[in-house]
Amino acid sequence: HALRRQMHRRFRKPLVLMSPKSLLRHKLAVSAVREFTSDAFRTVIDDHAIPDPHAVRTVLLASGRFCYALLEARAQQGGGDAALVRVEQLYPFPSGELREIFKRYPRARDIRWVQEEPANMGAWRNLRHRIEAILPSGATLSLAARKAAPTPATGYHALHAEQEREMVDRALCEVGALRSRRPVT
């Protein structure tokens with residue numbers, strides 16, 4: 001959809017897509033044919049697996065490959081009071097779409113940006129003030145990320161996988177607990 005939208009615009013500007021190869025074969029990263037033929041590119045994808053939006057206390061905002069790790073972990077661990085919302089476009093920021101999603105979860109007071117990158121990297125620094133500007137009344141925004149680091153990856157796959165498991169566990173296990181604005185590291 002992003003490529004199609006890019007081609008149908010009257011103006012041309014660079015399109016930057018960043019996607020790991022693992023998503024090309026991921027069992028959850030699939031779309032039905034009708035989504036390509038009749039739908040449009042969605043800048044934000046809501047969590048349609050939530051049976052009761054009024055039971056949601058926490059909204060996890062994430063982007064990219066890490067969404068799938070969170071989805072898989074939530075399916076194994078449970079966590080029905082947390083909605084996982086995928087932010088598919090970081091700029092221009094989809095504030096209108098996110099406002100509508102926040103309205104769908106009227107009892108959610110814990111909004112978290114969850115990212116795979118360390119706290120001093122990734123989209124958090126660019127998006128924090130944008131998300132704070134559209135937060136529902138009474139909601140708090142926090143970050144769930146790895147500890148600040150000089151590099152985005154450890155360079156050692158086993159350690160990276162272990163840190164990712166810990167990160168996913170922290171993001172899902174602390175669901176429902178309102179915390180300060182400090183990063184969850």
Item to complete: Please round to the nearest 0.5 Å and tell me the distance separating atom CH2 of Trp113 and atom CZ of Arg128.
Response: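 Rounded to the nearest 0.5 Å, the CH2-CZ separation comes out at 13.5 Å.
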Which pair of non-hydrogen atoms, one from [X] and one from [Y], has the smallest distance, and what is that distance?
X      : Y      : result
Ser63  : Leu90  : OG-CD2, 4.1 Å
Pro94  : Gln89  : CD-O, 3.2 Å
Lys147 : Pro118 : O-CB, 3.3 Å
Thr58  : Ala108 : N-CB, 4.3 Å

Worksheet item: Would you say Phe41 has more than 12 foreign heavy atoms packed within less than 6.0 Å of its CZ?
Response: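 Counting neighbours around CZ of Phe41, more than 12 heavy atoms of other residues, nucleotides or ligands fall under 6.0 Å, so yes.
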Worksheet item: Just wondering, are more than 12 heavy atoms of other shown residues or ligands nearer than 6.0 Å to CZ in Arg107?
Response: no
Charged N to carboxylate O below 4.0 Å: is that the case for [X] and [Y]?
X      : Y      : answer
Asp46  : Arg104 : yes
Arg165 : Glu162 : no
Arg65  : Glu116 : yes

Worksheet item: After noting the C-alpha distance and the side-chain angles of Arg74 and Asp47, does the key distance pass the salt bridge (charged side-chain N to carboxylate O under 4.0 Å, His left out) rule?
Response: CA-CA 12 Å; Arg74 186 180 68 180; Asp47 191 343; 2.4 Å; yes
Worksheet item: With a 4.5 Å heavy-atom cut-off, do Ile111 and Thr140 have their side chains touching?
Response: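 No, side chains not in contact.
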Worksheet entry | Arg125 (side chain) donor-acceptor with Asn120 (main chain) under 3.5 angstrom |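 Yes.
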